[in-house]
Amino acid sequence: MTYKTIRTDTPADHVARITLARPDRRNAQSIELLYELNAAFDAAARDASIKVIVLAGDGPHFSSGHDLGGDRTMSGFTPVTPWGGFDAPGAEGRQAREEEYYLGFCRRWRDIPKPTIAQAHGKTIAGGLMLIAVCDLIVASQEATFSDPTVAFGVNGVEWFSHPWDFGPRKAKELLFTGGMLTAAEAHAVGFVNHVVPRDELEGFVLSLAGRIAARPAMGLRLAKMAVNQAQDAQGLQTAVNAAMALHHVGHAHNQERFGQSIDPAGVDIIRREARGS
Ligand code: ZN
């Protein structure tokens, strides 16, 4: 398969790497990118020679989040989840689309029965945070930051809402309430990030870590991953994620009613202003 918005390679034995490749758009996630990402994850998951999957990004930042300016219709894409009715008017179609390519994809990628490693550099914002939150391990460069400023858009957070597990409830609330960024060091301190390394050592460190994992049998790795994911599921992670998604769609529906669009338009200015530091 030829990809337009991502690149794939095999940088080491048994290691597949998927790289977000829209650096001019700060790797913003168009619907095309999400479907290409899903296809690449599936290909790596089904390739018997691959034991570990690395997710990286081109350019100065890992990902600026969803591409809000792009076309978000489903035309031209074959659904992956059992959802349908994507073109239905109102909340019905919007929920179906977001259950498919946001929550549905994140859930699929989180449960790929092979270890995944996110290689985070620069800024990881909102929808970008979802991509790395569903990876098993996260390695960050020292200047990396993580944020979910989407409360400014009048929703509770991004569609895959594992924040209480990722950051702890109190830090998750601060992150959401303020829209602020966690530095790599802070993210490491709360256990969101496994390792923090200098930017020029990031790729090598990730490949070395992937190589150590790939020395182990695929079966043991699969069982270990499932055991940990199932422990989180038993704690209620999936139920909480589903409940948060329902709230997210109350937010979208409220915004549509109030402002005629699914996000509070004032949020764009708030986020831009804070990004400029004023
Ligand atoms: Zn949404």
Side-chain angles (χ1 to χ4, degrees), residues 5 20 22 25-38 62-75 77 79-110 123-134 146-167 172-173 175-177 179 237-272:
T5 61
L20 309 178
R22 294 184 85 201
R25 302 298 310 274
R26 302 294 186 252
N27 294 325
Q29 296 154 32
S30 60
I31 303 310
E32 180 181 40
L33 182 143
L34 292 170
Y35 274 90
E36 290 194 346
L37 198 49
N38 187 65
F62 177 78
S63 177
S64 58
H66 297 148
D67 189 344
L68 297 176
D71 178 7
R72 276 178 285 170
T73 66
M74 284 282 294
S75 55
F77 301 106
V80 173
T81 69
W83 284 83
F86 302 109
D87 298 327
E92 185 178 0
R94 181 169 53 241
Q95 181 191 30
R97 292 191 298 275
E98 295 208 344
E99 287 277 358
E100 158 79 9
Y101 51 60
Y102 293 152
L103 184 59
F105 279 3
C106 281
R107 184 168 278 141
R108 293 187 85 240
W109 303 337
R110 184 244 185 190
K123 290 179 182 171
T124 296
I125 303 172
L129 194 68
M130 303 201 318
L131 287 195
I132 65 168
V134 296
F146 306 91
S147 63
D148 180 358
T150 55
V151 169
F153 293 141
V155 293
N156 51 303
V158 287
E159 289 83 4
W160 173 263
F161 193 90
S162 56
H163 306 42
W165 278 265
D166 292 332
F167 308 108
K173 286 175 183 169
L175 200 69
L176 291 163
F177 294 168
L237 182 144
Q238 295 284 3
T239 307
V241 166
N242 286 337
M245 183 66 166
L247 294 174
H248 180 92
H249 279 270
V250 170
H252 278 325
H254 170 77
N255 294 331
Q256 191 71 43
E257 206 173 316
R258 283 273 333 259
F259 310 112
Q261 57 187 82
S262 63
I263 58 172
D264 183 336
V268 176
D269 288 338
I270 293 173
I271 291 170
R272 281 205 186 121

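Counting starts at 1 for both ligands and their atoms, in listed order. FYI, side chains are in, hydrogens and waters are out, and symmetry mates aren't considered; it's all heavy atoms of this structure.
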Parallel, tilted or perpendicular, as decided by the 30° and 60° cut-offs, for the rings of Phe105 and Trp109: tilted
Proximal protein heteroatoms (N, O or S) of the Zn ion (ligand 1), under 2.8 Å: Glu98 OE1, Glu98 OE2, Glu159 OE2, His248 NE2, His252 NE2
Check: Asn255 side chain, Gln261 main-chain N or O, donor-acceptor pair, under 3.5 Å: no
Name of the residue among Gln95, His254, Glu98 meeting side chain to side chain donor-acceptor pair (under 3.5 Å) with His249: Glu98
Pairs touching residues 260-269 that satisfy salt bridge (charged side-chain N to carboxylate O under 4.0 Å, His left out), sequence neighbours left out: none
Donor-acceptor under 3.5 Å (Arg22 side chain, Thr5 main chain): no
Asn27 (side chain) donor-acceptor with Phe62 (main chain) under 3.5 angstrom: yes
